[in-house]
Engineer: 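Sharing a structure below in structure tokens format, with a few things to ask.
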There are 2 protein chains.
Amino acid sequence: MRIGELSNRSGVPVPTIKFYVREGLLPAGKLTSPNQASYDSGHERRLRLIRALLDVGGLSLAAIGDVLRAVEDPAQPVHKVLGVAAKRLTPPQRDEPGPESEDAREEVAALLKRRGWRAEAHGPAGESLAEVIVALRRAGHGGFVELLDDYAAAAEPVARADLDYVGRRVAREDLVESVVVGTVLGEAMFGALRRLAQADASARMYDGDGAGPGGDGAEPRGAEG
Amino acid sequence: MRIGELSNRSGVPVPTIKFYVREGLLPAGKLTSPNQASYDSGHERRLRLIRALLDVGGLSLAAIGDVLRAVEDPAQPVHKVLGVAAKRLTPPQRDEPGPESEDAREEVAALLKRRGWRAEAHGPAGESLAEVIVALRRAGHGGFVELLDDYAAAAEPVARADLDYVGRRVAREDLVESVVVGTVLGEAMFGALRRLAQADASARMYDGDGAGPGGDGAEPRGAEG
DNA sequence: CGCTATCCGATAGCGGAACTATCTATGATG
DNA sequence: CATCATAGATAGTTCCGCTATCGGATAGCG
């Protein structure tokens with residue numbers, strides 16, 4: 001297919017497709033003549049993946065580029081690709097280290113030990129956890145950190161489900177892509193579910209189980225949607 | 001204190017503080033003379049909150065402004081503030097609705113029913129869940145949607161923990177702020193934990209159960225290709 | 001009283017991200 | 001043959017989150 005059709009199918013404007021090619025996010029079409037290139041379903045799929053990671057996953061184009069290149073590189077072990085995805089999922093920190101960071105890092109390490117997790121406390125995920133802890137404390141909500149273990153307990157079955165989904169893949173590239181999609185879009189999915197579950201818990205708490213003081217009283221209907 | 005000290009304490013440059021004031025994120029200092037204003041610990045706290053939501057939570061300044069104004073408005077019921085936070089947590093969608101969105105929305109409604117959640121299927125959280133589902137399908141990973149129930153099950157205890165934390169607050173503004181912080185920073189916290197748990201699960205799966213170091217960071221000895 | 005550091009408030013500029021517009025040359029298509 | 005889409009290149013645009021600079025006023029010190 002030509003670029004116009006690719007644009008129609010994917011909903012991405014032609015100039016944007018060209019831009020993505022320039023940025024190395026999308027392989028160029030196969031030139032059939034000096035001013036004509038043909039694109040296939042692989043391009044379409046890639047384009048949809050880019051948009052998903054961009055719009056829903058919230059990754060930057062630079063991050064997407066890194067991830068996609070890692071996915072395509074057969075020399076990259078799976079967990080390294082995941083590492084790239086994880087690193088680029090969170091914006092770069094801008095704090096200087098400081099002693100509070102040290103404390104937070106130790107807490108992360110202690111948590112890993114407590115739960116017997118085989119993960120590097122100083123990898124990207126551990127670092128971003130430490131950053132969150134620091135940020136919570138600095139914002140005056142250090143108490144929230146007490147929920148760490150509850151959160152960690154909930155994260156285990158989620159991670160198992162992720163890996164289970166991934167485990168059904170056969171081809172390496174499929175597998176790696178699944179990991180990335182699962183990590184990035186799964187985060188968005190869980191976030192939305194969590195907010196729904198919060199709404200439910202909040203409705204029960206503030207409306208009571210059928211009526212109640214409600215705290216504020218501007219609730220037209222407590223349930224359903 | 002004067003602006004210089006506020007800057008030193010919070011680590012935010014003076015021009016940036018002024019900028020935040022201009023943007024309505026931070027109340028202006030109390031003028032003691034035409035060119036002198038004094039700031040208090042409330043300003044400092046607010047500043048730390050802004051930075052936490054910005055750096056770790058990934059909210060935009062505009063979103064933070066909306067949230068903070070909602071927090072400060074005593075007329076806003078708690079769940080509305082949460083709604084603002086939830087809405088601004090996810091970037092605005094840019095898809096036209098289409099039939100796939102309709103399917104996804106129905107799936108969300110069905111999920112809520114299945115789990116007996118009292119939440120609005122068409123509120124911001126429900127909408128973003130539907131968007132994630134659409135994005136997964138469009139990216140060719142519709143299978144991931146099968147994990148919805150596993151994810152939802154894990155989200156329940158997390159939401160309970162959140163509400164439990166929030167429930168310990170007394171003053172309304174404290175309470176609302178806790179909800180926001182919990183929602184926004186909690187998401188980052190869970191995301192990091194999930195990636196750690198994935199690293200653990202992945203290490204067990206790919207390295208075998210007693211082999212070497214797992215994790216997603218730098219692998220000293222090449223585990224594979 | 002003078003001196004300098006700081007401050008307020010306002011305006012303008014900057015750098016990065018993600019496009020978007022325009023242009024030329026060339027070949028595809030009816 | 002005329003029109004149209006395309007490749008490839010360069011330049012421009014919009015938004016965001018600051019950052020720099022400036023004019024005037026004041027603080028506080030000797």
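All figures in this text were calculated on a predicted structure; none of them were measured in a lab. Numbered from 1 within each chain, the chains take letters A, B, ... in sequence-line order.
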Engineer: Counting distance only, does the side-chain N/O of A:H141 pair as donor-acceptor with the main-chain N or O of B:S178 below 3.5 Å?
Structural biologist: no
Engineer: Both B:I3 and B:R22 contact DNA chain C. Taking the nearest nucleotide for each, which residue is further toward the 5' end?
Structural biologist: B:I3
Engineer: In this structure, how many angstroms lie between the P atom of D:dT19 and the CD atom of B:E23, rounded?
Structural biologist: 14 Å
Engineer: Using a cut-off of 4.0 Å on non-hydrogen atoms, how would the nucleic acid contact of A:A28 be classed: base, sugar-phosphate, or nothing?
Structural biologist: nothing
Engineer: Do B:E177 and B:R45 sit within salt-bridge range, that is, some charged N less than 4.0 Å from a carboxylate O?
Structural biologist: yes
Engineer: Looking at the side chain of A:L31, which of C:dA18, C:dC19, D:dA7 is the nearest nucleotide?
Structural biologist: D:dA7
Engineer: Rounded to whole angstroms, how far apart are CZ on A:F19 and P on C:dA21?
Structural biologist: 14 Å
Engineer: In the structure shown, which nucleotide is the Watson-Crick or G-U wobble counterpart of C:dA17, with both distances under 3.5 Å?
Structural biologist: D:dT14
Engineer: For D:dC18, take OP1 and OP2 only and decide whether either is under 4.0 Å from a side-chain N or O of B:Y20.
Structural biologist: yes
Engineer: Can you check whether any acceptor in the base of D:dA25 is under 3.5 Å from a donor in the side chain of B:N35, or vice versa?
Structural biologist: yes
Engineer: When the nearest nucleotide of DNA chain D is assigned to A:V14 and to B:K18 on a heavy-atom basis, which residue is associated with the more 5' position?
Structural biologist: A:V14
Engineer: Determine: side-chain N/O of A:S33 to OP1/OP2 of C:dT26, distance under 4.0 Å, yes or no.
Structural biologist: no
Engineer: What integer distance in Å separates B:I17:CD1 from C:dG9:P?
Structural biologist: 13 Å
Engineer: Which is true for B:P15 with a 4.0 Å heavy-atom rule: it touches a base, it touches only sugar-phosphate, or it touches nothing?
Structural biologist: base
Engineer: Just how far, in rounded Å, is P of C:dT29 from CD of A:E5?
Structural biologist: 12 Å
Engineer: Could you tell me the separation between the CG atom of B:L53 and the C1' atom of D:dG17, rounded to a whole number of Å?
Structural biologist: 16 Å
Engineer: In whole angstrom, give the distance that lies between atom CD1 of A:I50 and atom P of C:dA18.
Structural biologist: 12 Å
Engineer: Between A:Y39 and D:dA7, is there a contact of a side-chain N or O with OP1 or OP2 at under 4.0 Å?
Structural biologist: yes
Engineer: May I ask you to verify if any side-chain N or O of A:T16 is less than 4.0 angstrom from the OP1 or OP2 atom of C:dT20?
Structural biologist: yes
Engineer: From D:dT26, C:dA28, D:dC18, pick the nucleotide closest to the side chain of B:L61?
Structural biologist: D:dC18
Engineer: Counting C-beta onward and ignoring hydrogens, is there a side-chain heavy-atom pair between B:V67 and B:I64 closer than 4.5 Å?
Structural biologist: no
Engineer: So, are B:R46 and B:E72 salt-bridged, with charged N and O less than 4.0 Å apart?
Structural biologist: yes
Engineer: What is the distance from CZ of B:R2 to C1' of D:dA25, rounded to the nearest Å?
Structural biologist: 13 Å
Engineer: Between D:dT6, D:dA27, D:dC18, spot the one nearest the side chain of B:Q36, thanks.
Structural biologist: D:dA27
Engineer: Without swapping roles, check the side chain of B:R172 against the backbone of B:V71 for a donor-acceptor pair under 3.5 Å.
Structural biologist: yes
